[in-house]
Amino acid sequence: MRIATWNINSLRARMDRVLAFLERHDVDVLALQEIKAKPPQLDLAALEQAGYEVAAHGLNQWNGVALLSRVGLADVRTELPGVPTWPQDETGVVEARALSGVVGDGLRIWSLYVPNGRELEHPHYGYKLRWLEALRAEGARELAESAQSRTAFVGDFNVAPFDEDVWDMEFFADKTHVTPPERAAFQAVVEAGYADVVRPDHPGPGVYTYWDYQKLRFPKKEGMRIDFVLGSPAVQSAVTGSFIDREERKGKGASDHAPVVVDLEF
DNA sequence: ATGGTTGTGCTACAA
């Protein structure tokens with residue numbers, strides 16, 4: 001089974017790229033982030049024609065996540081237990097940043113769009129840290145229930161876990177994504193039992209999944225590794241290969257993120 | 001020249 005994760009930065013704007021990507025790489029399951037749409041706005045006919053079931057969770061124009069699967073899609077969930085909301089609860093607004101389903105041979109895959117954090121002084125930064133702690137708790141609960149659970153947390157984590165995951169640490173000295181609290185929150189998910197299954201085969205430095213649209217970051221090879229596939233022990237031992245599809249960042253109409261692809265054999 | 005973007009939805013905002 002081939003799974004992938006991709007921050008698509010608007011599914012409607014890039015439906016053609018998604019369809020071409022699925023076909024080109026023979027992808028069974030694709031987790032998308034930043035779909036930037038509410039489900040009724042999506043025209044899913046072409047995806048369904050291609051054999052994919054779709055679950056989408058979107059509540060506003062900024063974020064939203066989806067799962068596409070041609071190997072079954074059962075028990076869809078749209079909330080991580082205990083995850084905080086943003087903006088503050090009194091507005092009544094919540095976000096769509098997590099969606100999971102059970103695909104293939106009993107794999108629960110979560111499509112996650114971790115809060116960005118914005119600036120260090122911004123309330124969104126604390127929200128990001130609390131969000132990651134809720135993810136850790138859910139991951140720990142899942143493995144406490146069954147150490148054999150096939151669970152994958154995939155998506156845009158908006159954290160560069162190591163210095164080698166950004167092109168220039170000096171540039172990020174006063175910015176989010178690299179601060180010790182963010183890295184500790186990410187590492188806590190890893191230590192709960194969910195390893196980055198791509199890094200061993202694709203060590204850095206210079207291995208990135210995101211390049212800002214601005215300042216010619218892509219041609220200058222100034223990117224960040226912030227998109228991950230984190231797998232429970234059962235998933236880790238099923239990995240047979242992986243790659244980052246850097247080609248998808250090229251050309252007109254590219255997302256600012258590249259897809260991350262992982263092959264699994266249970 | 002010290003900048004060079006993009007999507008959504010309506011002109012600001014998020015990334």
Side-chain angles (χ1 to χ4, degrees), chain A residues 5-21 31-44 56-66 83-88 91-98 111-132 154-161 165-168 170-179 182 185-186 208-228 245-260:
Chain A
T5 180
W6 192 6
N7 180 322
I8 195 64
N9 186 23
S10 173
L11 178 52
R12 285 176 292 172
R14 265 173 271 288
M15 187 62 82
D16 290 350
R17 275 198 181 244
V18 168
L19 288 161
F21 168 76
L32 294 168
Q33 300 86 38
E34 279 200 90
I35 65 171
K36 292 191 169 180
K38 302 170 187 179
Q41 298 177 292
L42 299 171
D43 179 2
L44 303 174
H57 182 40
L59 297 169
N60 63 27
Q61 73 205 76
W62 311 125
N63 43 56
V65 285
V83 77
T85 59
W86 179 269
Q88 302 309 317
T91 69
V93 177
V94 294
E95 295 185 303
R97 294 186 174 275
S111 179
L112 303 175
Y113 179 42
V114 177
N116 175 284
R118 303 184 189 176
E119 291 92 36
L120 299 188
E121 309 75 18
H122 198 286
H124 207 269
Y125 178 77
Y127 164 57
K128 177 182 192 175
L129 296 178
R130 294 192 299 277
W131 202 100
L132 283 165
V154 313
D156 177 358
F157 284 76
N158 271 315
V159 176
D165 297 332
V166 297
W167 81 90
D168 179 10
E170 286 185 24
F171 177 85
F172 287 91
D174 55 352
K175 295 182 174 64
T176 60
H177 293 61
V178 301
T179 65
E182 289 168 281
F186 180 92
Y208 304 132
T209 64
Y210 162 85
W211 300 259
D212 198 315
Y213 284 126
Q214 300 188 59
K215 303 182 192 295
L216 302 173
R217 294 298 185 204
F218 185 64
K220 288 158 75 174
K221 304 188 190 307
E222 296 176 342
M224 306 170 73
R225 191 201 286 235
I226 56 177
D227 298 88
F228 300 101
D245 187 11
R246 200 174 159 282
E247 293 299 305
E248 269 299 341
R249 183 60 180 80
K250 297 180 180 176
K252 188 173 174 56
S255 169
D256 43 3
H257 293 252
V260 179

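Just so we're clear, the structure is a prediction, and the values are computed from it rather than from any experiment. Chain letters run A, B, ... following the sequence lines, proteins first, then strands; residues in each count from 1.
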Figure out the [atom1]/[atom2] separation between [X] and [N], and round it to whole Å.
| X | N | atom1 | atom2 | answer |
| --- | --- | --- | --- | --- |
| A:Asn60 | B:dC10 | CG | P | 13 Å |
| A:Trp211 | B:dG4 | CH2 | C1' | 19 Å |
| A:Leu216 | B:dT2 | CG | P | 14 Å |
| A:Gln214 | B:dC13 | CD | P | 16 Å |
| A:Asp156 | B:dA14 | CG | P | 17 Å |
| A:Trp62 | B:dA12 | CH2 | P | 12 Å |
| A:Asn7 | B:dT5 | CG | C1' | 15 Å |
| A:His122 | B:dC13 | NE2 | P | 11 Å |

Notebook entry, point to check: Out of B:dT6, B:dG4, B:dG7, which has the shortest distance to the side chain of A:Lys220?
Noted result: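 Per side-chain heavy atoms of A:Lys220, the pick is B:dG4.
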Item checked: Residue A:Asn116, side-chain heavy atoms: nucleotide from B:dT6, B:dA15, B:dT8 that is nearest -> B:dA15
Note to self: Go nucleotide by nucleotide along DNA chain B from the 5' end; which of A:Gly117 and A:Ile35 gets its closest nucleotide reached first?
What the structure shows: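 Its nearest nucleotide being more 5', the pick is A:Ile35.
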Next item on the list: Compare side-chain N and O positions of A:Arg118 against OP1 and OP2 of B:dC13 and report whether any pair is under 4.0 Å apart.
Entry: no
Check: Counting just side-chain N and O atoms, does A:Ser10 come under 4.0 Å of either OP1 or OP2 of B:dT8?
Finding: yes
Notebook entry, point to check: Looking at A:Ser255 and A:Arg249, what are the two nearest heavy atoms and their distance?
Noted result: O-CD, 3.0 Å
Notebook entry, point to check: Taking the six-membered ring for Trp, are A:Tyr210 and A:His257 parallel (under 30°), tilted (30 to 60°) or perpendicular (over 60°)?
Noted result: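 Aromatic pair A:Tyr210/A:His257 classed tilted.
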Margin query: A:Asp165: which residues meet the salt bridge (charged side-chain N to carboxylate O under 4.0 Å, His left out) condition with it, sequence neighbours left out?
Written below: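 By the salt bridge (charged side-chain N to carboxylate O under 4.0 Å, His left out) rule, A:Asp165 matches A:Arg199, A:Arg225.
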Checklist line | Euclidean distance for C1', B:dA14 against B:dC10 (whole angstrom) | finding: 15 Å
Check: NA contact type, A:Tyr113, heavy-atom cut-off 4.0 Å: base, sugar-phosphate, or nothing?
Finding: sugar-phosphate
Check: Base, sugar-phosphate, or nothing: which does A:Arg14 touch, judged by heavy atoms less than 4.0 Å apart?
Finding: sugar-phosphate
Item checked: Side chains of A:Val114 and A:Asp156 in contact at under 4.5 Å (non-hydrogen atoms) ->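 A side-chain contact under 4.5 Å is absent here.
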Note to self: So A:Phe171 and A:Glu222, do their side chains get closer than 4.5 Å, heavy atoms only?
What the structure shows: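 Heavy-atom side-chain distance check fails, nothing below 4.5 Å.
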